[in-house]
Visitor: 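One structure, pasted below without further comment.
Letters A, B, ... mirror the listed sequences (proteins, then strands); counts begin at 1. Owing to the predicted nature of the structure, the values given are computational and were not obtained by experimental measurement.
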Number of protein chains: 2
Amino acid sequence: MKGFLSFLILWILKKEKMSGAEIAKELEKRKGHKPSPGTLYPALKDLREQGFISCDKDKVYTLTKSGEKELESACKTFHEIFYDAHEMHKCCKK
Amino acid sequence: MKGFLSFLILWILKKEKMSGAEIAKELEKRKGHKPSPGTLYPALKDLREQGFISCDKDKVYTLTKSGEKELESACKTFHEIFYDAHEMHKCCKK
DNA sequence: CCTTATCTATCGGTTATCCGATACTTGGAA
DNA sequence: TTCCAAGTATCGGATAACCGATAGATAAGG
C-alpha cells in the first residue's frame, strides 16, 4: 500500500462500496479538499493491481477479502503509531 | 509542518522534552524502527527554523508556545481526517 | 444523431519524504 | 592527553506522493 491516501480509501470502502466520484467526495469531507483525479485514480489503480479492491462494470469499487486483510494490518500499524490519538483530541479541543 | 514525522515529533515533545536520541527511541517504539539520522535531524532543523521547537545547550529539544499552537491545529486536522479512528481499533483487533 | 456534462483514466513533472554515507562534536575512560 | 563511543548534524540521491492538464468513455437531453 502506498500511503495514507490508500489507507483511507480502503477504510472508506470497508464501510460502503462506492464509485470514484463518491470516494472523492468522502475524502473531501475528511481532508477539506477533493483529491485531484491525478491523485485518486492512480491510487485506485494501484490498489486494484494489488488485489485489495475490485471494480465492477458500473465502476463501483469494492473491498476484496485480501483488501480487508490488508486494512486490518494497516489499522494495527496505525494504532501502534497513534495509540494515544484520544489524547490528541483533548489537545485540539481546548 | 512537513508530514507525519514532524507531527509525531511535536506530539512526543509535548509530553516531555528530550534529546534527539531519545526522540529516535520514542519513534522506534511507535513505528517499529528508528528513523535514520538523515531523517530525524533535518526534521528537527525544520521545526526549529519554524520556531515550533527550541534546543538548549545540552541539545534537549522543547516545544515552544508557537509549537503548541501548531500542534493543536495539527491535532484538529488529524481528527477531522481520522475522526473514526476508534472504529479502526476494533477492525484490527478481530 | 449531436451536444454537453460528468465520470474515469493517464501522463509528465514537481515536490515532499526519507535514507545511507559521511563527518563533526562531546564526554568519559584509559 | 589520547582514544573511543555515542550523539548530533549535513549532504546528495532515490523514491513516494501528489497535482494539473489532458483525453477517452458514458449517459441524458435536445
Visitor: From the set C:dT8, C:dC11, D:dG7, return the single nucleotide nearest to any side-chain atom of B:Ala21.
Guide: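 Of C:dT8, C:dC11, D:dG7, D:dG7 is nearest to the side chain of B:Ala21.
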Visitor: Which nucleotide, D:dC11, D:dC18, C:dT8, lies nearest any side-chain atom of A:Lys59?
Guide: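 My answer, after comparing the listed nucleotides, is C:dT8.
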Visitor: Rounded off to whole Å, could you give me the NZ-to-P distance for the A:Lys45 and C:dT8 pair?
Guide: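 Roughly 16 Å, once rounded to whole Å.
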Visitor: Please determine, by modelled atom types, if B:Glu70 and B:Ser73 share a side-chain donor-acceptor pair under 3.5 angstrom.
Guide: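 Judged by distance alone, the side chains do not pair up.
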Visitor: Centre-to-centre under 6.0 Å for A:Phe82 and B:Phe82, is that the case here?
Guide: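 They do not qualify: ring centres at least 6.0 Å apart.
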Visitor: By nearest atom, which of the nucleotides C:dT10, C:dC18, D:dC18 is closest to the B:Leu5 side chain?
Guide: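 Output: C:dC18.
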Visitor: Is the closest basic N to carboxylate O distance between B:Lys25 and B:Glu28 below 4.0 Å?
Guide: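 No, this pair does not count.
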Visitor: Do A:Glu87 and B:Lys15 sit within salt-bridge range, that is, some charged N less than 4.0 Å from a carboxylate O?
Guide: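 Yes.
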Visitor: Check this one for me: any side-chain N or O of B:Tyr41 less than 4.0 Å away from OP1 or OP2 of C:dC18?
Guide: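 Checking C:dC18 against B:Tyr41, no side-chain N or O comes under 4.0 Å of OP1 or OP2.
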Visitor: Using a strict 4.0 Å threshold on nitrogen-to-oxygen distance, state whether B:Lys17 and B:Asp58 make a salt bridge.
Guide: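 Judged by the 4.0 Å cut-off on N to carboxylate O distance, B:Lys17 and B:Asp58 do not form a salt bridge.
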Visitor: What is the separation between atom CD on B:Glu49 and atom P on D:dT10, rounded to the nearest whole Å?
Guide: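 So the CD-P distance, B:Glu49 to D:dT10, works out to 8 Å.
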Visitor: Quick one: do A:Lys76 and A:Glu72 make a salt bridge, cutoff under 4.0 Å?
Guide: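 So A:Lys76 does not pair with A:Glu72 through a salt bridge.
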Visitor: For nucleotides 20-29 of chain D, list the nitrogen or oxygen atoms of the protein found under 3.5 Å from its nitrogen or oxygen atoms, one pair per line.
Guide:
{"unit_1": "D:dG20", "atom_1": "N7", "unit_2": "A:Ser36", "atom_2": "OG", "d": "3.1"}

